[in-house]
2 protein chains.
Amino acid sequence: MGTVGIKDVAERAGVSVGTVSNALNRPGSVRSSTRAKVERAMVELGFVRNESARQLRAGKSRLLAYVVPDVGNPFFTDIARGAEGVAQAAGLALVLCDADSERDREDGFLELLLEQRVHGVLITPIDAANPRLVALADRGVPVVLVDRVAAPGDILCSVGVDDVEGGRLAAEHLIAQGHERIAFVGSPNAMPQVADRYRGAVDATREGADGEILLLDSQRLDVESGRLAAQRLLGIPERRRPTAAFCANDLLALGMLQALTGQGHVVPDEIALVGYDDIEFAAAAAVPLSSVRQPRRELGRLAVTLLLDDAGREGGHQHEHPVLRPELVVRASSSTPPLVALRRGLP
Amino acid sequence: MGTVGIKDVAERAGVSVGTVSNALNRPGSVRSSTRAKVERAMVELGFVRNESARQLRAGKSRLLAYVVPDVGNPFFTDIARGAEGVAQAAGLALVLCDADSERDREDGFLELLLEQRVHGVLITPIDAANPRLVALADRGVPVVLVDRVAAPGDILCSVGVDDVEGGRLAAEHLIAQGHERIAFVGSPNAMPQVADRYRGAVDATREGADGEILLLDSQRLDVESGRLAAQRLLGIPERRRPTAAFCANDLLALGMLQALTGQGHVVPDEIALVGYDDIEFAAAAAVPLSSVRQPRRELGRLAVTLLLDDAGREGGHQHEHPVLRPELVVRASSSTPPLVALRRGLP
DNA sequence: CCGGAAAGTTGAAACGATTCAACTGATCCC
DNA sequence: GGGATCAGTTGAATCGTTTCAACTTTCCGG
């Protein structure tokens, strides 16, 4: 009574295996009375199609994978949500692979996915220069880099958000609120995304003329690092201390917020904060956090769309690199209250 | 130049396909000089094993899936982290499937996983009575229910946390802090986990004699619902208003915290808060949140361990239903400050 | 240097679904 | 009635790997 195959169904229904297969894949081409017989047999025997066998013949599976560096970060799960919708509409299932910030895991997944002959791979790579990515593409598995602005030599599709613009938006906003000394919290050297945000902020202060940016380097982008950054900020003598901080992501900003208010400093009066990503918890903070919102779901949707296009064409697929625009969401953490504004001589 | 198969490798290396397969799966049984030849051929041709074909023969894949109701909830991703470790050690890869709280999606994934003949399925089901779960197990796919305390008729493995105990811990703590009117925020009717937490809290007040519980029903367990619950709480005349709220999860508690402080109410002086799950953002809130911590990673590890045990035995596998103990983490949101304690006549 | 055990290698037969050219009957029209 | 057409149906070949009984080679003690 091992497993029920198409053959058992055929026998039971008194037809050939070809007919069962047709009933399954091209129902229209089978006389309805026959189809009924087959369907009944399938139910009676509890038949479940063996996807491995189908794949073996088809050469491709119906799985789409999104390899993320950290499933714990709501930013990525939101992208996944967006991607899932489009994937499902195309008859593909999206599964998530969590590399947990480890290259080895990421490599392990890529290897597995290649062996599985998955339909396609979305990935926010720990290192976009990983040769496995190109190897995958060479073997005919469409790959799309997610949350990545194309670099010159890129030969893969990618979707990204204009982080320079995002950094600029945040800094311009803070300057408009009257801040002249602004801290940037993050690690521009570790991640290109962060480098861009930093650059955008620096550009804005250059143009604004009377702003300056202080870099508070923070290797990791998590809540704990935010708390530490707050300590360092408070260690600066008050005369020279920045009156605002722009954080490379919301986790950092939340950490700072906690440390600052925990020590009696009022946000935004003493120190204004702007985060990045606009995760759900940003709005839910005790002092709702201003943040640069990335169109996450759109990013996911777009990524799958590109991937399907790539998979669709035979060979000649032009790789694309769309870049979306971020948007500043202003909340209490950076809205200068009237009194403070007056003190700073703002309109 | 289509795809490179084991046959091409065999030809190139001047051996038979059987030998290539052996070199791949039982390297010890192949003379090392032969193995070297084979390996070289594989590299030269860029051979990648076709997992579908292997599966077809083996009857089972090396994929483990965890079907979650909501990847956006850090609680589940932490469980996944725990699970991943054990899975990897066993040579299996764990993928996440996000049902997004929709039954149809969940069903879709289960169907797919069955067709893929996955090695096993972990699931935190939207509805544990879903017949597909048992169907899966009947077809020989090990299934483990996660975050589920076994109900009498259960014929699947499960791992859970004692939510009655968790509810009790939270309520006892609040009572010890001098609170006599306590609100429970959540939807005991929709989810058994929440029902248990509620029951534990009610039990505690019964025994504590001078406590009482007010149920603030909230269908969903997200931040937005928490904000709404806060409104309803504040709508109660102050004389009769609870002085503490125990929320069915941290998202609710964070929502309440935001709404309360946003309207000038001081937590914990006026209203104390306790959440559930102890997600990372709980500690990072502006008023750090007390919460009942569930051993999430341990839950994940245990689930995979059970699953592997189930998969290992031939037929006679005793289903197990371990239940772990939660732990209360007290932070500022429910620590009665000295002055208030004095007013309430506490030691 | 022989016999036999051990080690290494071979190749054909699975695994289960899909495909497709060939076949079978109907149906229709002149 | 004969030929053409068409809708359904058939079953053998195929996908790429694993398995395993049979075979060959190597090794060793006597």
Side-chain angles (χ1 to χ4, degrees), chain A residues 1-39 41-42 45-62 91 111-112 114-119 139-141, chain B residues 1-39 41-42 45-62 91 111-112 114-118 139-140:
Chain A
M1 80 122 275
T3 96
V4 179
I6 212 178
K7 226 143 100 188
D8 307 287
V9 174
E11 195 174 327
R12 175 93 172 209
V15 299
S16 72
V17 294
T19 300
V20 176
S21 178
N22 282 336
L24 224 37
N25 304 301
R26 277 173 297 277
S29 79
V30 173
R31 191 184 305 160
S32 66
S33 63
T34 314
R35 196 179 339 132
K37 272 193 301 185
V38 172
E39 275 163 5
M42 295 203 300
L45 297 173
F47 168 78
V48 176
R49 189 213 254 106
N50 183 327
E51 184 68 20
S52 322
R54 179 228 277 269
Q55 270 172 226
L56 175 56
R57 195 90 229 288
K60 254 182 185 297
S61 88
R62 310 187 117 112
E111 186 68 30
L112 176 83
L114 184 54
E115 291 188 352
Q116 291 276 357
R117 303 293 193 271
V118 289
H119 201 92
R139 294 251 157 43
V141 178
Chain B
M1 76 124 276
T3 101
V4 179
I6 212 176
K7 225 143 96 188
D8 307 287
V9 174
E11 195 174 327
R12 174 94 172 206
V15 299
S16 73
V17 294
T19 300
V20 176
S21 179
N22 282 336
L24 224 38
N25 304 304
R26 277 173 299 278
S29 80
V30 173
R31 191 185 306 157
S32 65
S33 63
T34 314
R35 196 179 339 131
K37 273 193 299 185
V38 172
E39 276 163 5
M42 295 202 300
L45 297 173
F47 168 78
V48 176
R49 188 210 254 109
N50 183 325
E51 183 70 19
S52 323
R54 179 226 280 269
Q55 269 170 228
L56 174 56
R57 194 86 231 284
K60 252 180 186 300
S61 88
R62 311 187 119 118
E111 187 69 29
L112 175 83
L114 184 53
E115 291 187 354
Q116 290 276 358
R117 304 292 196 270
V118 289
R139 294 251 157 45

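Sequence lines set the chain letters: A, B, ... in the order given, protein chains first and strands last, and positions in each chain run from 1.
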Checklist outcome for this item: Here the distance between atom P of C:dG11 and atom CD1 of B:I6, to the nearest Å, is 14 Å
Item to check | Nearest atoms (heavy-atom pairs only) where B:F47 meets B:V4 | outcome: CD1-O, 3.5 Å
Checklist entry - Hey, does A:R12 have a side-chain heavy atom less than 4.5 Å from the side chain of A:V20? => result no
Next on the checklist: Rounded to whole Å, please give me the gap between CD in A:Q55 and P in C:dT18.
Outcome noted: 11 Å
Checklist outcome for this item: Rounding to 0.5 Å, atoms CD (B:Q55) and CG (A:L56) come to a distance of 10.5 Å
Item to check | Inter-residue atom distance B:E39.CD - B:L24.CG, 0.5 Å rounding | outcome: 9.0 Å
Listed pairs, N/O of protein and of nucleotides 19-21 of chain C, under 3.5 Å:
| unit_1 | atom_1 | unit_2 | atom_2 | d |
| --- | --- | --- | --- | --- |
| C:dT19 | OP2 | A:R26 | NH1 | 3.4 |
| C:dT19 | O4' | A:R57 | NH1 | 3.1 |

Checklist entry - Base, sugar-phosphate, or nothing for A:T34, non-hydrogen atoms under 4.0 angstrom? => result sugar-phosphate
Next on the checklist: Taking the nucleotide of DNA chain C with the nearest heavy atom to each, does B:A53 or B:S16 sit closer to the 5' end?
Outcome noted: B:S16
Checklist entry - Atom CG of B:N50 and atom P of D:dC15: how far apart are they, to the nearest Å? => result 12 Å
Next on the checklist: Counting the atoms with a prime plus P, OP1 and OP2 as sugar-phosphate, which does A:V30 contact under 4.0 Å by heavy atoms, base, sugar-phosphate, or nothing?
Outcome noted: sugar-phosphate
Checklist entry - At under 4.0 Å, does any side-chain N or O of B:S29 touch on OP1 or OP2 of C:dG8? => result no
Item to check | Contact check, side chains of B:R62 and B:E51, non-hydrogen atoms, under 4.5 Å | outcome: yes
Next on the checklist: Without decimals, in angstroms, what is the distance between B:R54 CZ and D:dT19 C1'?
Outcome noted: 13 Å
Next on the checklist: Could you tell me if the side chain of B:V38 sits less than 4.5 Å from the side chain of B:V30, heavy atoms only?
Outcome noted: no
Item to check | Nearest-nucleotide 5' precedence on DNA chain C, A:V20 against B:R35 | outcome: B:R35
Checklist entry - Would you say a side-chain N or O of B:T3 is under 4.0 Å from OP1 or OP2 of D:dG16? => result yes
Checklist entry - Hey, are the side chains of A:R54 and A:N25 touching, using non-hydrogen atoms and a 4.5 Å cut-off? => result yes
Next on the checklist: Using whole Å, what does the distance between atom P of nucleotide D:dT19 and atom CG of B:L56 come to?
Outcome noted: 12 Å
Checklist outcome for this item: To the nearest 10 degrees, the angle between the two end axes of the helix from C:dC1-D:dG30 to C:dC30-D:dG1 (five pairs per end) comes to 40°
Item to check | Protein-nucleotide distance (A:D8, atom CG; C:dG16, atom C1'), rounded to Å | outcome: 10 Å
Checklist entry - To the nearest Å, how far apart are A:K60 NZ and C:dT18 C1'? => result 18 Å
Checklist entry - Is there side-chain contact between A:V48 and B:R117, with at least one heavy-atom pair below 4.5 Å? => result yes
Next on the checklist: Tell me the interatomic distance from B:R31, atom CZ, to C:dA6, atom P, rounded to whole angstroms.
Outcome noted: 18 Å
Next on the checklist: So which atom in B:K60 and which in B:V118 form the shortest heavy-atom distance, rounded to 0.1 Å?
Outcome noted: NZ-O, 4.1 Å
